[in-house]
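These notes concern the structure reproduced below.
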Amino acid sequence: MSQDLHQAIAPVDNVVPAMLVYHSVLRFSPALHQVIHLQRVPIERGPREAELRAVALAACERIVVAAEGLFNALDLGYYLWRNGKLPGAREFARHHTKDTIFY
C-alpha cells in the first residue's frame, strides 16, 4: 500500500453521483433528471457523462475538506458506494454509460 493512499481521490462510478443526489447534496438539471429518472436511458461517453462524475468528485472533495480530517476521500467514496446498496437507495435511478472506468 502506498504511504499516501489516504490522500487518494474518491473513486466515482455511477453509484456515487446517484447517492449524492439521493441525499440532496447534488441536484440534476431538469434535462439530466429526465434522462436518468424518467427515460432511464444510457448516457453516452463524452462531456455530459464526464461532467456528471466530475461534479460528484468535486462534491466529495468539498465534503472531505469540510469534515476537517474526520475521514478521507476513499472513506467517503466507500461509504456512498455501500449506502447505494441499501434498500431504498438500491432502487434509486443512476446513470449508465457503457465501457467507462473510475475517474
Side-chain angles (χ1 to χ4, degrees):
M1 296 296 264
S2 173
Q3 294 293 332
D4 62 353
L5 183 64
H6 66 284
Q7 295 176 342
I9 296 173
V12 179
D13 63 358
N14 67 341
V15 177
V16 172
M19 291 302 95
L20 291 170
V21 172
Y22 183 76
H23 291 293
S24 301
V25 174
L26 295 178
R27 203 172 30 198
F28 290 146
S29 69
L32 190 55
H33 176 82
Q34 172 97 13
V35 168
I36 294 172
H37 290 273
L38 302 177
Q39 297 172 354
R40 295 188 181 234
V41 296
I43 297 175
E44 291 185 32
R45 282 180 21 188
R48 180 186 232 181
E49 200 268 340
E51 288 172 2
L52 174 57
R53 291 189 191 210
V55 166
L57 180 59
C60 287
E61 289 176 347
R62 288 183 178 195
I63 292 167
V64 168
V65 168
E68 298 179 339
L70 293 175
F71 51 84
N72 63 37
L74 288 176
D75 294 334
L76 178 58
Y78 183 68
Y79 167 80
L80 291 169
W81 185 83
R82 289 284 303 141
N83 190 258
K85 308 304 179 196
L86 298 175
R90 179 82 171 148
E91 295 77 28
F92 190 73
R94 50 199 75 184
H95 83 281
H96 293 283
T97 304
K98 295 180 181 181
D99 302 324
T100 60
I101 59 172
F102 289 123
Y103 289 13

* **Rounded distance [0.5 Å steps], SG in Cys60 versus CG in Asn72** => 11.5 Å
* **CD1 on Ile43 to CD1 on Ile36, rounded to 0.5 Å** => 4.0 Å
* Asked: Rounded to the nearest 0.5 Å, how far apart are CG of Leu80 and CG of Asp75?
  -> 11.0 Å
* Are more than 12 heavy atoms from other residues, nucleotides or ligands located less than 6.0 Å from atom CD of Gln39? -> yes
* Asked: For atom CZ of Phe71, is the number of surrounding heavy atoms from other residues, nucleotides or ligands below 6.0 Å larger than 12?
  -> yes
* Asked: When clusters are formed by joining ILVMFWY residues with side-chain heavy atoms under 4.5 Å apart, either directly or through shared neighbours, do Ile63 and Tyr79 land in the same one?
  -> yes
* Structure fact -> Rounding to 0.5 Å, atoms CG (Leu20) and CZ (Arg27) come to a distance of 14.0 Å
* Asked: With hydrophobic residues grouped by side-chain heavy-atom distances under 4.5 Å, do Leu32 and Val41 end up in a single group?
  -> yes
* Of Val16, Leu70, Val64, which meets side chain to side chain contact (heavy atoms under 4.5 Å, CB included) against Leu76? -> Val64
* To do: Could I get the full list of ring-ring contact (aromatic ring centres under 6.0 Å, His included) partners for Phe92, not counting sequence neighbours?
  => Tyr22, His37
* **Closest non-hydrogen atom pair, Ala56 against Leu26** => CA-CD1, 3.9 Å
* To do: Taking atom CD of Glu44 as the centre, report whether more than 12 heavy atoms of other residues, nucleotides or ligands fall under 6.0 Å from it.
  => no
* With sequence neighbours excluded, tell me which residues meet side-chain hydrogen bond (donor to acceptor under 3.5 Å, both in side chains) with His33. => none
* Heavy-atom pair of closest approach, residues Met19 and Arg94 -> CE-NH2, 4.0 Å
